[in-house]
Amino acid sequence: MSPHHVVISGIGLVSSLGEGPDAHWRKLVQPGLEPVLEASRFSPYTVHPLPEIDWNLQIAKRGDQRQMETWQRLGTYAAGMALDDAGIKGNDDLCTTMDMVVAAGGGERDETVDADILAASESRNDRDVLLNEKLTTELRPTLFLAQLSNLLAGNISIVHKVTGSSRTFMGEEGAGVAAVETAAARIRSGQSTHILVGGAFQTEHSDMLLGYELAGYLHRGPWRPVWQRQGLEGGGVVTGSGGAFLVLEQREHAISRGRKIYAELGPVISGRAKRRQGELDGEIAALLRQAALPNGELLTISGASGAHAATAAEKSALDANPAIAARGFSTLTGHMKEAQFPFAVALAALAVERKAAYPAFDAATEKPFNGVPRTVLATAIGYHQFEGMALVNAAD
């Protein structure tokens with residue numbers, strides 16, 4: 001192998017199923033695992049909520065915790081877990097030379113301020129003046145009615161002392177794909193030796209759900225597995241709160257530190273089909289060809305969201321290859337937007353490292369996988385736009 005081959009040496013995961021790679025593995029290999037759901041708080045929509053988290057375990061200063069909204073705490077927490085897992089946290093030499101690539105959205109709105117502005121506007125005609133008053137008196141310095149997307153990377157730098165170069169991508173699942181793709185390319189080219197990459201999404205906030213629902217994407221009514229929402233009321237997406245961060249390294253860098261390697265990250269490819277022109281099916285098929293899939297049975301960790309058009313196109317493409325056994329993990333975690341692709345890559349790496357496949361997450365729809373997965377495909381076909389895939393290979 002080339003010394004610049006990209007390996008995964010650290011994983012940090014948080015979802016409704018728990019926190020950490022071991023906890024997720026134990027849950028996900030249980031046949032017939034039931035998802036954790038919250039169906040009443042945001043009715044008629046269902047979400048997969050966060051578990052109880054002791055933020056102090058990764059964010060020691062209460063002042064740091066207070067100035068972050070939940071999505072930032074979640075990302076900083078998952079990033080700390082990945083750094084711990086890779087044996088990097090607390091090592092000043094490694095942290096100060098570590099680069100970072102983050103996938104992030106615009107953050108959570110301050111719903112109280114929003115409500116105050118709307119209420120005041122009913123009795124005032126100088127609404128431009130009103131808005132400026134509220135912006136200058138009601139919002140924290142880090143807010144502009146929402147939050148700056150690069151605040152997550154900034155807080156990771158402050159809390160965990162990761163102070164190399166930093167990049168933040170926005171754009172739903174596409175941000176997660178671009179983050180992993182960029183991080184891998186930097187390592188392959190020799191520009192970086194070790195990179196922290198990932199994202200986080202907090203769905204338990206009305207404005208987060210509003211973004212999906214304005215375009216008609218949210219599933220309504222009783223929960224169903226991700227592959228079984230076609231033709232039901234609503235748009236098919238059930239969201240979940242979660243975070244996923246990976247430590248990617250040059251192979252020789254990880255070996256020199258004596259670190260455990262989960263897996264090698266193979267090709268990471270992306271596309272942006274013109275969906276209104278009917279290009280999605282062809283784009284997914286083209287990405288599968290570019291991925292140069294190995295011969296034989298292939299376990300696939302699918303980030304399918306449940307969105308009707310995107311999920312139907314992905315299922316059709318995967319079903320067309322009889323060797324592929326797909327696992328739609330959103331059935332058990334919900335759709336985590338920017339964190340979706342890093343999460344898929346993490347689950348693929350766990351299967352490769354532990355030499356075992358996940359059972360069907362939806363036994364009525366997903367095919368069994370009987371072999372030992374030495375290569376696993378991870379996918380993220382965006383609910384609205386952007387497509388991505390990666391091959392994750394055994395490191396030995």
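Side chains included, hydrogens not; waters and symmetry mates left out as well; all remaining heavy atoms used. Fair warning: this is a prediction, and the values are worked out from it, not measured in the lab. Here, residue 1 is the first one in the sequence, and each next residue gets the next number.
- With Ser123 contributing its side chain and Ala120 its backbone, the two residues share a donor-acceptor pair below 3.5 Å.
- Pro35 places none of its side-chain heavy atoms less than 4.5 Å from the side chain of Thr331.
- Atom CD of Glu172 and atom CZ of Phe169 lie 15.5 Å apart (nearest 0.5 Å).
- Here the shortest heavy-atom pairing between Arg327 and Tyr358 reads NE-O, 2.9 Å.
- Rounding to the nearest 0.5 Å places CG of Leu196 at 5.0 Å from CE of Met98.
- A side-chain donor-acceptor contact under 3.5 Å links Ser256 to the backbone of His253.
- In this structure, Trp55 and Tyr77 have perpendicular ring planes: the angle between them is above 60°, well past the 30° mark.
- For the atom pair OG of Ser316 and CD1 of Ile284, the computed distance is 8.5 Å after rounding to the nearest 0.5 Å.
- None of Val238, Val47, Val237 except one satisfies the side-chain contact (heavy atoms from CB on, under 4.5 Å) rule with His335; the exception is Val237.
- Judged purely by atom type and a 3.5 angstrom limit, Ser305 uses its side chain to pair as donor or acceptor with the backbone of Ala307.
- Note: Arg251 CZ to Thr193 OG1 = 16.0 Å, rounded to the nearest 0.5 Å.
- The hydrophobic clustering, which links ILVMFWY residues whose side-chain heavy atoms are closer than 4.5 Å, places Trp25 and Phe369 together.
- Under a cut-off of 6.0 angstrom, the local environment of CD in Gln30 is crowded, with over 12 non-hydrogen atoms contributed by other residues, nucleotides or ligands.
- Centroid-to-centroid, the aromatic rings of Phe42 and His205 stay 6.0 Å apart or farther.
- A distance-only check finds no donor-acceptor pair linking the side chain of Arg220 to the backbone of Glu233 [under 3.5 Å].
- In this structure, His219 has its ring center no closer than 6.0 Å to that of Tyr45.
- With rounding to the nearest 0.5 angstrom, the NE2 atom of His24 is 9.0 Å from the CD atom of Glu19.
- Judged by the 6.0 Å and 45° rule, Lys337 forms a cation-pi pair with Tyr212.
- Leu33 has its side chain within reach of Leu17: a pair of non-hydrogen atoms, C-beta onward, lies under 4.5 Å apart.
- More than 12 heavy atoms of other residues, nucleotides or ligands shown are found within 6.0 angstrom of CG on Asn56.
- Asn155 places a side-chain N or O within donor-acceptor distance of the main-chain N or O of Leu151, the cut-off being under 3.5 Å.
- Aromatic ring centroids of Phe343 and Phe329 lie under 6.0 Å apart.
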